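Note that the structure is predicted; figures quoted are calculated from it, not measured. Only this structure's heavy atoms are used, side chains among them; waters, hydrogens and symmetry mates stay out. Proteins come first, then strands; the chains are lettered A, B, ... in the order of their sequence lines, and each starts at number 1.
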Amino acid sequence: MTTPRLAILGVVLMTAFPAIADDRVPPVTDPVVIKECGSCHMPFQPVFLPARSWRALLHGLGDHFGEDATLPPETVDIIRAYMTANAGDVIGQGAGRKFMRWVAPNGTPKRITENPVFLKEHNFPESVWKDPKVVTKSNCLACHPAATNGRFE
Amino acid sequence: MSSRSLLAIALAISAILAFAADPRRDAMLSEYAVEARRLDAGFTSFSAQRGETLFRASWNGGDARTASCTACHTADPRQAGRNAKTGRPIEPVAVSVSPRRFTDKAEVEKHFLRDCKSVLGRECNALEKGDYITFMAGQ
C-alpha cells in the first residue's frame with residue numbers, strides 16, 4: 001500500500017515545490033557555445049544575464065576580462081543567437097527571473113558573480129576564494145560539480 | 001634471451017612507438033620546420049631542450065598571473081593542470097599521457113596564439129612552436 005501513497009506525495013511535492021523555489025537553470029545545449037565558451041571556464045548558462053549583456057560580451061571578445069577570446073564573426077553570430085534567445089530577461093522564470101530582479105532596466109552587467117543574488121548565496125570568507133582549487137568566484141565547477149547540467153545544489 | 005622474451009620486448013617497443021607517433025603531429029612539425037627555415041636560413045632541427053626552456057622560463061610582458069607556461073600546465077606536463085585565471089582543470093599536455101595532444105592544427109594554433117600572448121605578451125614563432133611540440137612529444 002505504500003507505493004501509491006508515495007506516488008501521490010510525489011505529485012503533491014512536484015506541483016508545490018516549483019512555486020516555492022523555482023531555481024531552474026536550463027543547461028547550455030548548443031554545441032558551438034559549449035565548445036567555444038566552455039574551454040577556459042564552464043559554459044555559463046544564458047539565464048544568468050540579460051540579452052543586452054550577452055550582446056556586449058560578444059562584441060568585446062578581443063578584451064574579454066583581459067583575455068583575447070576572439071572568434072570568427074560567423075561563430076560569434078551563432079553564439080549570440082543562442083545566448084540572447086535564452087537570456088534571463090527573455091526566459092523570465094526560474095533562476096533567470098531571480099537574477100534579473102537585481103539588474104537595472106538599462107544596466108549591462110558583465111559578471112554573474114556581481115549580481116546581489118549570487119553575492120547573497122556566496123557570502124563566504126576570503127579564504128574560501130583563495131583556495132587553490134577555487135581561484136575565482138566564476139569557477140562554479142569547483143563547488144558545483146554538476147553546474148554544467150544546470151544543477152547548483 | 002629466449003625468443004619469447006625478445007618477442008615481448010619487440011611488441012612493447014612497437015606499442016610505445018604506435019602510442020607516441022602520430023602522422024598528424026609529424027605533418028604539423030614539418031610545416032613548422034618549413035616556416036622556421038624561412039625565418040632563419042640556418043635552421044637545422046627542433047630542440048626538445050629549447051622547448052623545455054620555453055615551457056619553464058619565467059617571462060615578463062604577459063599577464064602577471066601567468067609568467068610561465070607552468071602557471072597553468074604545472075611544472076610536470078604529465079600531471080593535470082589548472083587554468084590560473086579561471087580555475088578550470090586542464091588535462092595533461094605530455095603526449096605520453098594525452099596522445100591526442102598536438103594533432104589538431106587549428107586547436108594547436110589557437111593555443112599558441114592565446115597562451116603565448118598570455119605568457120610572453122606576444123605570439124610564438126614557428127621555431128618556438130616546433131621546439132615546444134618536440135619537447136612535449138618526448139614527455
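The environment of CZ in B:Arg56 is crowded: more than 12 heavy-atom neighbours from other residues, nucleotides or ligands sit within 6.0 Å. Within 6.0 Å of atom CG in A:Asp63, more than 12 heavy atoms from other residues, nucleotides or ligands are found, so the atom counts as buried in its surroundings. Heavy-atom contacts from other residues, nucleotides or ligands closer than 6.0 Å to CZ of B:Arg50 number more than 12. Other residues, nucleotides and ligands contribute only 12 or fewer heavy atoms inside 6.0 Å of the CD atom of B:Gln49.
Considering all non-hydrogen atoms of both residues, B:Arg114 and A:Cys40 come closest at NH1-SG, 4.0 Å. Here the shortest heavy-atom pairing between B:Arg88 and A:Ser39 reads CD-O, 3.9 Å.
One finds the CD atom of A:Glu67 at 3.5 Å from the NZ atom of B:Lys85 (value rounded to the nearest 0.5 Å). Considering CG of A:Asp68 and CG of B:Asp115, their distance stands at 11.5 Å, rounded to 0.5 Å. Here the straight-line distance linking atom NZ of B:Lys110 with atom CD of A:Glu36 works out to 4.5 Å at 0.5 Å rounding.
For the disulfide bond (SG atoms under 2.5 Å apart) condition, the pairs that include at least one residue of residues 82-139 of chain B, sequence neighbours left out, are B:Cys116-B:Cys124.
For the pair A:Thr136 (side chain) and B:Thr86 (backbone), a donor-acceptor distance under 3.5 Å is absent.
Heavy atoms of A:Lys137 lying under 4.5 Å from chain B are absent altogether.
Considering only residues two or more places apart in sequence or on other chains, B:Tyr132 meets the side-chain hydrogen bond (donor to acceptor under 3.5 Å, both in side chains) condition with none of them.
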